[in-house]
Q: 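Supplied in structure tokens, the structure appears directly below.
Order of appearance sets the numbers: ligands from 1, and atoms from 1 within every ligand.
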Amino acid sequence: MSQSDPPAAIKRLGQNFLIDPNIVRKIVASAALCSNDSVLEIGPGRGILTEALCQTAGRVTAIEVDPRLHAYLSERQTKFPHLTLILDDAMTFPLETLPSGTVVVANLPYYISTPLLFRLLKHRDRFPRMVLMLQNEVADRLVAKPGTPDYGLLSVMAQYAADITKVFKVSANCFRPRPNVGSAVVLLQAKQRRELSPKEEPAFTALVKAAFAHRRKTLVNSLKDEGYDQTLWAETLESCGLSPTVRAEVISISQFIELSRRIAP
Ligand code: SAM
């Protein structure tokens, strides 16, 4: 390999590189960037999206875990004005060091897309807008409504934190190597107002996790298995206008919020 050849893809790091400039353009357009925006890219890879972001935004910070790709991009740094390259793991990098108002734009490594998404949403006060490519199946769960098969823990927690739109689907042919799954780009806009206070949020998160822990069971039985006091529930459900045999998958986010307030100590 000559010094300028791009490093070969490592499957376990989710390295499916975009090769379609049209998709890159559509991703950047979805982020509606202006010249004074700061952008965070997770996993710049060989830099196809990084370059387009650098042409549009004022400042780009790109965190890459693979030292070979970090070195490859560093060699080309002159091609990437306004770029800060960081060799680190996006799961542990201190996101609080990034400026408030940073827009996140990334083709995420799929093997950690869900934990990364949760991590980014935890820092949503800093990230008002995120345009993320992830597995189509995860995108469907992110936008799923109550009473549909895709609705679950991820839908409730993400929709509690952000307004989410599935922007477009992306064929596996737009990547090399081709991923085994279809992909989609989603836009997440952090909600300006928090329905629950930071003190109330842990009870809400715990309730939603317990509610979806045993999908086939009724809400009451699932919660009982997770250590919640069953005797309190009949009354609480009734006061929220819900049947005693209701299942978690039909409960809306506002109903989960209401339930968590009512059972709070
Ligand atoms: N942005 C490039 C593109 O669109 O072609 C590459 C996207 S590829 C799907 C995911 C990238 O994330 C790879 O470059 C991979 O090395 C990087 N990556 C994987 N795990 C990571 C982690 N924990 N932190 C930061 N980057 C990671």
Q: I need the nearest protein heavy-atom contact for atom 2 (C) of ligand 1: residue, atom name and distance, please.
A: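 So the nearest neighbour among protein heavy atoms is P44 O, 3.3 Å.
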Q: Any salt bridge between K26 and D20, counting N to O under 4.0 Å?
A: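 No, this pair does not count.
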Q: For a side-chain hydrogen bond (donor to acceptor under 3.5 Å, both in side chains) with R59, tell me which candidate from N36, T84, D37 qualifies.
A: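 Of the listed options, the one satisfying the test is T84.
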Q: Distance to 0.1 Å, residue and atom name: give those for the protein heavy atom nearest to atom 19 (C) of ligand 1.
A: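 Going by distance alone, atom 19 (C) of ligand 1 is nearest to L13 O, 3.1 Å.
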Q: Of all the atoms in ligand 1, which lie at a distance below 4.0 Å from a heavy atom belonging to V65?
A: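 Every atom of ligand 1 under 4.0 Å from some heavy atom of V65: 18 (N), 19 (C), 20 (N), 21 (C), 22 (C), 24 (N), 25 (C), 26 (N), 27 (C).
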Q: Just need the protein heavy atom nearest to atom 3 (C) of ligand 1, so name the residue and atom and give the distance.
A: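 Here the closest protein heavy atom is N107 ND2, 3.6 Å.
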Q: F17 heavy atoms, cut-off 4.0 Å: which ligand 1 atoms fall inside?
A: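 In order of numbering, the contacting atoms are 5 (O), 6 (C).
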Q: Verify, without hydrogens or angle tests, whether Q77 (side chain) and L83 (backbone) share a donor-acceptor contact under 3.5 angstrom.
A: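 Confirmed, Q77 side chain pairs with L83 backbone.
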Q: Is there a donor in the side chain of T205 and an acceptor in the side chain of Y160, or the other way round, less than 3.5 Å apart?
A: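 T205 vs Y160: no donor-acceptor pair found between side chains.
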Q: Going by the order shown, which atoms of ligand 1 are within less than 4.0 Å of some heavy atom of I112?
A: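 Counting atoms of ligand 1 from 1, those under 4.0 Å from I112 are 23 (N).
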Q: Quick one: nearest non-hydrogen protein atom to atom 5 (O) of ligand 1, plus distance?
A: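 Here the nearest protein heavy atom works out to L18 N, 2.8 Å.
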Q: What's the shortest distance from atom 17 (C) of ligand 1 to any protein heavy atom, and which residue and atom give it?
A: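 Residue, atom and distance for the closest contact: E64 OE2, 3.4 Å.
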Q: Side chain, backbone, both or neither: which part of D89 comes within less than 4.0 Å of ligand 1 when only heavy atoms are counted?
A: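 Near ligand 1, D89 shows its backbone as well as its side chain.
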Q: To the nearest 0.5 Å, tell me how far E51 CD sits from R76 CZ.
A: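 E51 atom CD to R76 atom CZ measures 10.5 Å (nearest 0.5 Å).
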Q: Nearest heavy atom to atom 13 (C) of ligand 1: which of M133, Q15, R46 does it belong to?
A: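 Among M133, Q15, R46, the closest heavy atom to atom 13 (C) of ligand 1 belongs to Q15.
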Q: Ignoring hydrogens and angles, tell me if any N or O in the side chain of Q15 forms a donor-acceptor pair with the backbone of I10 under 3.5 Å.
A: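 Between the backbone of I10 and the side chain of Q15 there is a qualifying donor-acceptor contact (under 3.5 Å).
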Q: Counting heavy atoms only, which part of L69 comes closer than 4.0 Å to ligand 1: side chain, backbone, both or neither?
A: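 Side chain only; the backbone of L69 stays clear of ligand 1.
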Q: Distance under 4.0 Å to a non-hydrogen atom of L108: what atoms of ligand 1 satisfy this?
A: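 Answer, ordered by atom number: 9 (C).
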Q: Show me which atoms of ligand 1 lie under 4.0 Å from any heavy atom of E41.
A: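 Heavy-atom distances to E41 below 4.0 Å select 1 (N).
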Q: Counting N and O atoms only, with roles assigned by atom type, does the side chain of R119 sit under 3.5 Å from a partner on the main chain of A90, one being a donor and the other an acceptor?
A: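 The answer is yes, because a donor-acceptor pair under 3.5 Å joins these two groups.
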Q: Pair M133, I23 - check side-chain contact (heavy atoms from CB on, under 4.5 Å), show working.
A: CA-CA 10 Å; M133 169 112 74; I23 299 297; 4.3 Å; yes
Q: So which bit of Y110 gets within less than 4.0 Å of ligand 1, heavy atoms only: side chain, backbone, both or neither?
A: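 Near ligand 1, Y110 shows nothing, with every heavy atom at 4.0 Å or more.
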Q: For ligand 1, which atoms, with element, lie under 4.0 Å from some heavy atom of Y111?
A: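 Taking each heavy atom of Y111 in turn, ligand 1 has 19 (C), 20 (N), 21 (C), 23 (N) under 4.0 Å.
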Q: Just need the protein heavy atom nearest to atom 24 (N) of ligand 1, so name the residue and atom and give the distance.
A: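 For atom 24 (N) of ligand 1, the nearest protein heavy atom is A90 N, 2.9 Å.
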Q: Distance to the ring centre below 6.0 angstrom and angle to the axis at most 45 degrees; does that hold for R68 and Y72?
A: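 No.
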Q: Taking atom CG of L132 and atom CG of L108, what is their separation to the nearest 0.5 Å?
A: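 Going from CG on L132 over to CG on L108, the span is 5.0 Å.
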Q: Please say whether G43 places an N or O atom under 3.5 Å from an N or O atom belonging to ligand 1.
A: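 Among all N and O atoms of G43, at least one is under 3.5 Å from an N or O of ligand 1.
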Q: If you measure from atom 9 (C) of ligand 1 to every heavy atom of G14, C174, P109, A52, which option wins on shortest distance?
A: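 Looking at heavy atoms only, G14 sits closest to atom 9 (C) of ligand 1.
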Q: Using a 4.0 Å cut-off to any heavy atom of I63, which atoms of ligand 1 qualify?
A: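 By the 4.0 Å cutoff, the relevant atoms are 25 (C), 26 (N).
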Q: Which atoms of ligand 1 have any heavy atom of D88 under 4.0 Å away?
A: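 Ligand 1 atoms under the 4.0 Å threshold to D88: 24 (N), 25 (C).
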Q: Can you label the angle between the F212 ring and the F256 ring as parallel, tilted or perpendicular, going by 30° and 60°?
A: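 F212 and F256: tilted rings.
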Q: With distance as the sole test, does S260 use its side chain to make a donor-acceptor pair with the main-chain N or O of A203 at under 3.5 Å?
A: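 Here the side-chain-to-backbone pair does not exist.
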